[in-house]
There are 4 protein chains.
Amino acid sequence: MKRPATSPATETTAAPTEGSKAGVRDHAKQEKFQRILDAAVQVIAENGYFNSPVSAIAERAGVADGTIYLYFKSKDHVLRSALDVAFERFHARVKAMLAETGDPRAQLENMARMQLETVAANRPLAILMQTEVRQSAKFYAEFSQHHMVAYMAMMRGVIRAGQEKGVFRAEISDALAAHCIFGALDELVGSWVFSGREFDPQSAAASVLGILLQGMNRKDGE
Amino acid sequence: MKRPATSPATETTAAPTEGSKAGVRDHAKQEKFQRILDAAVQVIAENGYFNSPVSAIAERAGVADGTIYLYFKSKDHVLRSALDVAFERFHARVKAMLAETGDPRAQLENMARMQLETVAANRPLAILMQTEVRQSAKFYAEFSQHHMVAYMAMMRGVIRAGQEKGVFRAEISDALAAHCIFGALDELVGSWVFSGREFDPQSAAASVLGILLQGMNRKDGE
Amino acid sequence: MKRPATSPATETTAAPTEGSKAGVRDHAKQEKFQRILDAAVQVIAENGYFNSPVSAIAERAGVADGTIYLYFKSKDHVLRSALDVAFERFHARVKAMLAETGDPRAQLENMARMQLETVAANRPLAILMQTEVRQSAKFYAEFSQHHMVAYMAMMRGVIRAGQEKGVFRAEISDALAAHCIFGALDELVGSWVFSGREFDPQSAAASVLGILLQGMNRKDGE
Amino acid sequence: MKRPATSPATETTAAPTEGSKAGVRDHAKQEKFQRILDAAVQVIAENGYFNSPVSAIAERAGVADGTIYLYFKSKDHVLRSALDVAFERFHARVKAMLAETGDPRAQLENMARMQLETVAANRPLAILMQTEVRQSAKFYAEFSQHHMVAYMAMMRGVIRAGQEKGVFRAEISDALAAHCIFGALDELVGSWVFSGREFDPQSAAASVLGILLQGMNRKDGE
DNA sequence: CATGAATGAGCGTTCATTCAT
DNA sequence: GATGAATGAACGCTCATTCAT
């Protein structure tokens with residue numbers, strides 16, 4: 001089947017109806033839900049969305065093909081859910097970090113480090129983020145609306161706070177700066193993910209922010 | 001058919017054999033070759049590679065399905081060719097610009113401007129560059145080997161030259177800086193391409209480089 | 001997919017995995033397996049392998065096109081299986097007969113009769129044996145290796161036994177004689193199959209062996 | 001295209017219209033006609049009819065694809081012509097031999113030898129005779145009507161003459177005996193053609209006829 | 001006559017999805 | 001709930017044949 005022209009609004013991918021009969025049942029359901037998601041991430045990272053039959057995902061998850069459709073409306077929604085879930089977790093962790101960090105520069109560096117760490121911790125998921133999110137303009141636009149905008153807003157808030165505190169130059173557009181930071185890191189992730197090279201999130205984040213905060217220009221007197 | 005495991009090395013996508021019979025024939029062939037490429041770029045930009053049947057590309061190009069296969073070995077090669085041709089043109093233009101520009105800062109800004117201009121000039125192609133290049137890890141790795149490495153090398157050369165002339169800080173890694181610049185611009189392109197917003201390449205390039213060269217930090221005494 | 005250059009060795013065409021869940025399921029599977037085989041034999045006998053779309057076989061079998069591929073790896077394997085199954089049954093029956101027949105002359109005549117009977121009992125299958133086995137040199141060579149060699153070996157064994165018992169001339173090559181008998185019968189089958197004429201296997205077998213055993217020459221004193 | 005349901009009556013495959021302008025032209029035409037036929041025999045023997053694109057035949061013959069259709073109505077007719085021409089030549093040579101040979105036994109042995117020689121002289125053609133003639137029941141039936149019947153009639157005539165002269169047993173059916181002889185030889189040819197083994201037509205013919213004339217039975221007193 | 005680019009019907013095969021068990 | 005056999009639409013690609021040059 002082709003991706004339907006009208007995409008069904010994402011529905012924030014709630015895990016299957018919870019809160020009914022027994023907690024045991026719920027737990028079993030949740031567990032299978034997650035197993036399918038993990039299998040999908042692995043299989044799709046290896047072969048790409050369109051070269052990953054639902055049957056391959058089912059097999060990796062250890063369930064029957066039909067079972068997938070008890071948990072997800074379509075193959076498409078499996079991918080959406082995987083990305084949604086992953087992003088929401090990341091988002092929550094960043095939000096928590098921001099709440100307990102004061103200095104804008106430290107906040108930015110932590111965000112950078114967490115972005116790279118997330119990728120380093122789950123390579124298949126990183127591959128999905130680099131490839132399948134962009135599998136089509138429509139999908140990407142949708143994903144961006146849901147998640148990227150929210151993430152960028154957080155980053156822009158940090159930058160604006162820094163500007164108000166006088167640590168960042170006030171004449172810089174917060175939106176532009178956020179794009180620059182995210183883009184630089186994302187590019188790094190891409191080159192890492194596809195080459196397979198190792199790298200240290202901590203120091204890589206520091207290096208990138210070193211460039212972006214201090215600039216490439218040699219200062220007079222250096 | 002699935003994407004073949006061993007892809008036949010790209011072959012630099014020469015347009016069909018030229019230089020024989022009549023110039024007329026050659027011209028007609030070249031024209032049809034290009035028409036198919038353009039159609040492919042449009043259709044794939046709209047629907048994504050896997051949701052774009054060859055028949056749709058053929059229809060858009062105004063040729064029969066089978067005709068595609070007189071010019072390209074496979075659907076896969078149509079996409080490769082489109083990307084190869086586009087990149088090679090871009091690469092050549094950048095190279096020419098570098099040859100007639102002396103100042104490293106001006107060189108970087110021109111590169112940035114040209115990257116954004118290219119995208120502004122051909123939105124469907126920009127979409128392809130943002131999406132289909134990454135359609136699979138394999139494809140991306142291959143494309144990167146062919147083109148990105150070459151482009152990045154050019155940029156790193158400019159940065160090193162600037163470091164030697166003393167305009168850029170010497171302690172910065174040229175590779176990392178190149179990734180940051182490219183990534184920042186690419187991210188900008190992405191957000192533009194998928195939102196449909198307008199923007200001015202010239203000033204956008206200047207703004208981005210403003211951040212990357214001078215840094216976000218407020219200088220003492222400002 | 002194209003016919004793979006290396007065909008995967010026939011695998012003796014086991015019917016789908018049996019012996020698990022319920023005997024009911026197994027039986028249903030076996031029944032469909034056989035139905036597809038029968039449909040294939042009929043359709044291919046009528047039109048030839050290459051003029052028999054899989055869809056035509058599926059239709060005749062009363063299943064969907066895709067269902068064929070749940071039972072067979074490829075169109076190619078449907079044909080192989082049909083021939084393999086048919087030959088193995090024939091082979092087994094001949095073997096059983098040989099075990100309970102003593103006289104070499106009677107053994108030969110029974111083999112001849114059974115060859116003709118088999119054909120008379122299933123005309124479409126006979127057509128396949130006369131045509132599609134030879135559809136390509138490769139296929140034929142493969143089939144011969146698997147089945148013809150085994151059958152010829154049985155016949156040569158009978159002939160050698162007859163020679164040792166002194167009923168057949170010792171100076172005759174058993175291999176050559178076997179070829180002569182089989183060829184004479186096969187030619188008869190061919191002329192029958194394609195003309196549609198009726199004939200009686202019993203008496204035809206007797207007549208052919210009458211010629212081959214006693215020779216065409218008039219004996220002195222006759 | 002599929003083989004048309006109504007086969008166009010064969011038309012005895014006359015070479016293109018001759019007897020007009022100049023003998024030179026005619027000769028050139030004949031030569032190209034033959035070149036295409038030879039190419040077809042080679043290519044089809046190697047790959048089978050349905051795996052032999054017209055373009056492959058054209059290439060082997062050194063002509064353009066379209067040129068084939070100036071000499072033959074369809075791909076189908078190229079094959080028919082090749083077989084017709086080959087058979088007619090063989091038929092003529094046998095006929096000439098029969099005219100200058102008196103003894104029925106010698107006639108039969110010469111026919112056998114010539115059948116094997118023909119095959120030994122042109123292996124690709126032999127492969128065609130063993131395989132493509134049988135590509136479908138329809139084709140085979142048609143070919144048989146045209147050629148086999150004629151050839152069998154000659155052989156039956158020889159056998160009947162032998163019976164009248166008292167050298168062959170009178171109670172044998174001439175038709176059956178002819179089938180036996182032809183079938184035995186044809187089987188031999190088949191086993192040779194597909195195995196690639198060498199063999200000597202002269203002695204093989206003698207051996208086969210040795211069996212068929214004298215019989216396999218040991219005579220009393222031997 | 002000869003060419004070979006163009007056509008488009010047709011094929012083998014895959015796989016998302018359904019539904020009887 | 002879970003299964004997995006069955007479906008059939010859809011696809012990439014081939015190639016016999018035509019026809020403008």
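In what follows, every heavy atom counts, from backbone to side chain, and hydrogens, waters and symmetry copies are set aside. Sequence lines set the chain letters: A, B, ... in the order given, protein chains first and strands last, and positions in each chain run from 1.
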The side chain of C/A64 is closest to which nucleotide in this list: E/dG12, F/dC13, F/dG8?
F/dG8
Checking D/D65 now: which residues fulfil side-chain hydrogen bond (donor to acceptor under 3.5 Å, both in side chains) with it, not counting sequence neighbours?
none
Which atom pair, heavy atoms only, marks the closest approach of A/N47 to A/N51?
O-CB, 3.2 Å
Starting at CD1 of A/I57 and ending at C1' of E/dA16, how long is that distance when rounded to a whole Å?
11 Å
Quick one: does NZ or CZ of C/K75 land under 6.0 Å from the six-membered ring centre of C/Y69, within 45 degrees of the ring axis?
no
NZ/NE/NH1/NH2 to OD/OE distance under 4.0 Å, D/R35 and D/E31
yes
Rounding to a whole Å, what distance do you find between C/L70:CG and E/dT14:P?
11 Å
Nearest to side-chain heavy atoms of C/V54, which nucleotide of E/dT17, F/dC13, E/dG12
E/dG12
Distance col, row B/Q42:CD vs B/S52:OG, nearest 0.5 angstrom, shows 11.5 Å
Whole-Å distance, C/E31 CD to F/dA6 C1', equals 14 Å
Rounded to whole Å, CD of B/E59 lies from P of E/dT7 at a distance of 13 Å
Indicate whether OP1 or OP2 belonging to F/dA5 is found under 4.0 Å from a side-chain N or O atom of C/Y71.
no
F/dT7 C1' sits how many Å from A/D65 CG, rounded?
13 Å
Want to settle it: does B/S55 or A/G66 sit nearer the 5' end of DNA chain F, counting the closest nucleotide to each?
A/G66
Grab the two heavy atoms, one from A/A45 and one from A/P124, that are nearest each other, plus how far apart they are.
CB-O, 3.4 Å
Considering only E/dT3, F/dA16, F/dC13, which nucleotide approaches the side chain of D/V63 most closely?
E/dT3
Taken to the nearest whole Å, CZ/A/F33 to P/F/dG1 is 14 Å
Of A/R80, A/E132, A/R134, the residue whose pairing with A/F139 passes side chain to side chain contact (heavy atoms under 4.5 Å, CB included):
A/R80
Counting only side-chain heavy atoms from C-beta out, which of F/dA2, F/dG8, E/dA5 sits nearest to B/K29?
E/dA5
Rounded to whole Å, the NZ-C1' distance (D/K75 to F/dT17) equals 12 Å
Name the stems with DNA chain E in them: runs of three or more consecutive Watson-Crick or G-U pairs, distances under 3.5 Å?
E:2-21 with F:2-21
If you check every side-chain atom of C/Y69, which of F/dT17, E/dC15, E/dT13 has the closest atom?
E/dT13
Can you tell me how far P of E/dA6 sits from CZ of B/F72, to the nearest Å?
12 Å
Given E/dA6, is OP1 or OP2 found less than 4.0 Å from the side-chain N or O atoms of B/T67?
no
Nearest heavy atom decides the nucleotide; on that basis, is B/K32 or C/S52 closer to the 5' end of DNA chain E?
B/K32
